[in-house]
2 protein chains.
Amino acid sequence: MSKKEGANKNIKSRAPTESDVAKVAGVSQSAVSRAFTPGASVAQSTREKILHAARSIGYQPNLLARSLATRRSNIIALAISNLENPFYAQVVKELSEQLAETGRHILLFTTNAEEDENQALEQALSYQVDALVMAASKASIELTMQCQKAGVPIVQINRETRLPGISTVWGENQRAGELVAAFLHASKHEEYAFVAGTKDSTISQMRQKGFIEYLSSVGKKDVKIVYGDYTFETAAIVARQLLEVEKRPDAIFCASDYMAFAVIDVATREFGLDVPNDLSVIGVDNVPESAHSAYDLTTFSQPAGSLVQEAIIIIDKMIADPGRRAIRCEVAGDLIVRGSAKRPKTGFVNNVTNKIWLP
Amino acid sequence: MSKKEGANKNIKSRAPTESDVAKVAGVSQSAVSRAFTPGASVAQSTREKILHAARSIGYQPNLLARSLATRRSNIIALAISNLENPFYAQVVKELSEQLAETGRHILLFTTNAEEDENQALEQALSYQVDALVMAASKASIELTMQCQKAGVPIVQINRETRLPGISTVWGENQRAGELVAAFLHASKHEEYAFVAGTKDSTISQMRQKGFIEYLSSVGKKDVKIVYGDYTFETAAIVARQLLEVEKRPDAIFCASDYMAFAVIDVATREFGLDVPNDLSVIGVDNVPESAHSAYDLTTFSQPAGSLVQEAIIIIDKMIADPGRRAIRCEVAGDLIVRGSAKRPKTGFVNNVTNKIWLP
DNA sequence: ATGGTTTTTGCATGCGTATGCAATAGTTAA
DNA sequence: TTAACTATTGCATACGCATGCAAAAACCAT
């Protein structure tokens with residue numbers, strides 16, 4: 001006989017269920033269920049009686065059982081990588097808080113390599129999540145199909161995969177590139193470089209496109225492109241490669257603030273350069289750290305809160321009407337002018353709003 | 001008639017269940033269940049037949065239903081605040097990855113104010129989570145009681161509440177304070193200050209205790225204490241207060257790296273001070289950013305990975321033996337010497353390991 | 001008081017999986 | 001060949017909650 005079967009039955013007492021409440025309140029289990037269902041058909045008096053009984057025995061509804069019965073778990077799966085990048089930490093925080101407003105919560109999946117991540121996400125589907133949000137994380141075709149079949153909406157934040165049926169929310173990527181290029185060009189820079197993200201990141205490609213196309217249009221056709229893989233370490237490595245050549249760039253645009261930090265670090269510490277006098281650096285995201293004086297980074301903003309808000313709106317639409325097509329949504333950003341890049345001498349920046357416009 | 005009741009039944013087809021698989025494979029539902037249960041009693045041949053049938057119709061087990069039946073959800077609730085602090089972002093990442101190794105996942109609860117957070121966590125319990133991890137987040141007495149009653153273990157990471165039945169994992173807080181004090185004193189500083197966390201943070205109090213007790217023992221009895229509330233903004237404010245007096249400190253110890261960043265920012269940008277020549281700053285945590293050259297922060301390390309690892313060990317022990325008492329565990333750290341604080345002239349630092357010892 | 005409404009309640013069943021128990025098939029030993 | 005096992009299978013039920021349906025109760029107007 002195991003020692004768990006002790007005399008004291010408190011030790012292994014089950015959590016109270018609706019049936020227990022029903023017994024105490026002298027009603028049926030269904031009545032209890034209705035008492036906890038907003039808008040259900042119960043007399044006010046019995047509802048109160050039931051709630052009182054529930055409180056007296058410390059009843060808490062079992063949300064798993066509820067989810068099983070209603071086919072709605074109120075759980076949203078979030079697949080995310082690069083959590084060390086403060087932008088994505090912000091996304092997690094925003095999503096968690098905004099979902100909490102409607103009583104929903106995040107089931108978290110952090111993904112590193114892309115090998116098995118989709119497998120992990122299939123598992124997410126097994127939890128009957130109401131939707132799947134992917135941030136800096138790619139959906140495979142198989143996963144998409146599975147979601148379609150299961151009727152689970154997928155929303156990608158800040159990531160683009162041209163698969164049908166996947167909704168996407170992103171920032172103004174191409175405009176970011178153009179605006180940054182215009183700003184840097186107006187500030188009379190000579191040698192330009194772009195620190196891209198990963199090679200297959202469409203987001204990075206769009207920023208690059210805007211950047212080099214604008215520069216090309218003003219005669220700067222030799223923009224150096226390197227890949228920082230969205231990580232601090234790789235960005236530091238490619239920054240070294242950029243800066244160690246004799247004709248080094250004096251303007252570097254980075255596909256993320258986080259990589260821009262690495263570039264600034266390398267430039268100032270390892271090459272003794274002065275930012276922005278020797279080198280201008282501009283990023284994208286406007287993470288809180290960009291405002292810290294250690295970096296004081298000029299950057300094109302990508303407001304995490306708004307991206308998340310749009311993502312949730314999309315999720316709700318897709319849930320309300322499962323048949324509808326994927327939704328794509330662009331969230332506006334702005335060039336935030338700080339001290340890491342030389343500013344144009346003349347009327348390019350609005351000193352009141354700190355915003356700039358294309359000449 | 002709604003348009004959802006279209007002729008094409010594919011649109012609203014339910015996800016396949018074990019019964020569907022059973023029908024295809026020509027066995028009973030229980031056989032299918034056993035085929036998916038490692039170690040269950042099924043013939044190898046039928047298991048293969050079942051798995052094949054399952055694959056053919058795209059069956060995925062419903063983990064909610066499984067959780068309901070087994071009373072094990074494989075979901076761990078994580079309550080966390082201060083996600084903007086990279087240390088806690090690291091905790092999330094580590095916990096997620098380490099739990100994934102055993103097929104478990106995080107249900108995330110981000111908490112700001114302390115008002116309703118415990119209410120949110122009661123809801124977590126309703127999801128039948130296997131355990132509750134709290135990081136930089138406080139458990140109320142009521143919540144603790146509820147967990148006890150429900151048999152759900154609680155583990156606090158880097159937070160101390162003297163409630164019975166709550167397990168805790170923390171770093172070497174008092175030693176951190178002592179070692180930092182010794183290091184700063186050996187480097188001949190004159191005026192000392194401590195930027196604490198929140199007033200009620202036991203962790204911060206312990207660091208403070210080690211710090212001022214050591215300093216007191218060497219005759220420095222006037223250490224200024226201010227509260228940075230563990231936020232960047234408040235830390236910046238109190239840093240200004242510290243530095244604007246005429247007899248300003250030349251050595252500031254901060255209860256977290258994140259606050260130390262704020263102090264360095266304010267000192268360098270707003271007061272034009274040189275770190276470390278005018279002012280030495282030391283933090284606690286050793287977050288990745290401390291190594292970035294923008295801060296190059298000397299700090300006492302608190303390895304997130306190890307803390308999380310211990311937390312998981314505790315969880316598993318508590319689950320295996322629900323009757324056992326709370327476990328408290330201290331994880332060792334080290335002083336990581338970088339450039340934000342003056343170094344002692346003589347044999348205090350081991351130049352090989354970069355570690356220091358108390359004289 | 002009576003027939004007709006509208007609310008409120010309970011019963012029965014379903015959600016998808018796990019598992020004790022008994023029945024069956026398969027294996028071994030004599 | 002038969003008894004005695006053992007490995008495998010299916011049946012029935014449980015997990016805790018939601019909900020369609022019909023019965024019961026309450027209410028209303030006549």
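These numbers come from a predicted model, not from an experiment. Numbered from 1 within each chain, the chains take letters A, B, ... in sequence-line order.
Within residues 30-51 of chain A, the residues that place at least one heavy atom under 4.0 Å from DNA chain C are, in residue-number order, A:Ser30, A:Ala31, A:Arg34, A:Ser41, A:Val42, A:Ala43, A:Thr46. For the segment residues 19-29 of chain A, residues with any heavy atom less than 4.0 angstrom from an atom of DNA chain D are, sorted by number, A:Gln29.
The CD-P distance, from B:Gln60 to C:dC15, rounds to 20 Å in whole Å. In this structure, CZ of A:Arg71 is placed 9 Å from C1' of C:dG14, rounded to the nearest angstrom. If you measure from atom CG of A:Leu63 to atom C1' of C:dC15, you get 16 Å, rounded to the nearest angstrom.
Residues A:Val152 and A:Leu132 share a closest heavy-atom pair of CG1-N, 4.1 Å. In this structure, A:Met318 and A:Pro153 approach most closely via the heavy-atom pair CB-CB, 3.5 Å. Here the closest heavy-atom approach between residue B:Ala15 and residue B:Asp20 is recorded as O-OD2, 4.2 Å. Between B:Ala35 and B:Val42 the shortest heavy-atom distance is N-CG2, 4.1 Å. Across all their heavy atoms, B:Ala25 and B:Ala53 have their closest contact at CB-CB, 3.8 Å. The minimum heavy-atom distance linking A:Ala40 with A:Arg34 is given by the pair CB-O, 3.5 Å.
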Inset, instruction - List the steps, then state whether side chain to side chain contact (heavy atoms under 4.5 Å, CB included) holds for B:Leu107 with A:Ile106. - result: CA-CA 6 Å; B:Leu107 191 64; A:Ile106 288 178; 6.0 Å; no
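In summary, contact between chain A and DNA chain D, defined as any nucleotide atom under 4.0 Å from a heavy atom of the protein, begins and ends at D:dG16 to D:dG20 in the 5' to 3' direction.
Side-chain polar atoms of B:Thr102 and B:Arg104 form a donor-acceptor pair below 3.5 angstrom.
B:Leu51 places a side-chain heavy atom less than 4.5 Å from the side chain of B:Phe36. Side-chain contact between A:Lys49 and A:Thr46 is present, with heavy atoms from C-beta onward closer than 4.5 Å.
For C:dG16, the OP1/OP2 oxygens have no side-chain nitrogen or oxygen of A:Tyr127 closer than 4.0 Å.
Note: A:Tyr127 and B:His105 have perpendicular aromatic rings, judged against thresholds of 30 and 60 degrees for the angle between ring planes.
Judged by closest nucleotide on DNA chain D, B:Ala69 is the one of B:Ala69 and A:Thr70 placed further toward the 5' end.
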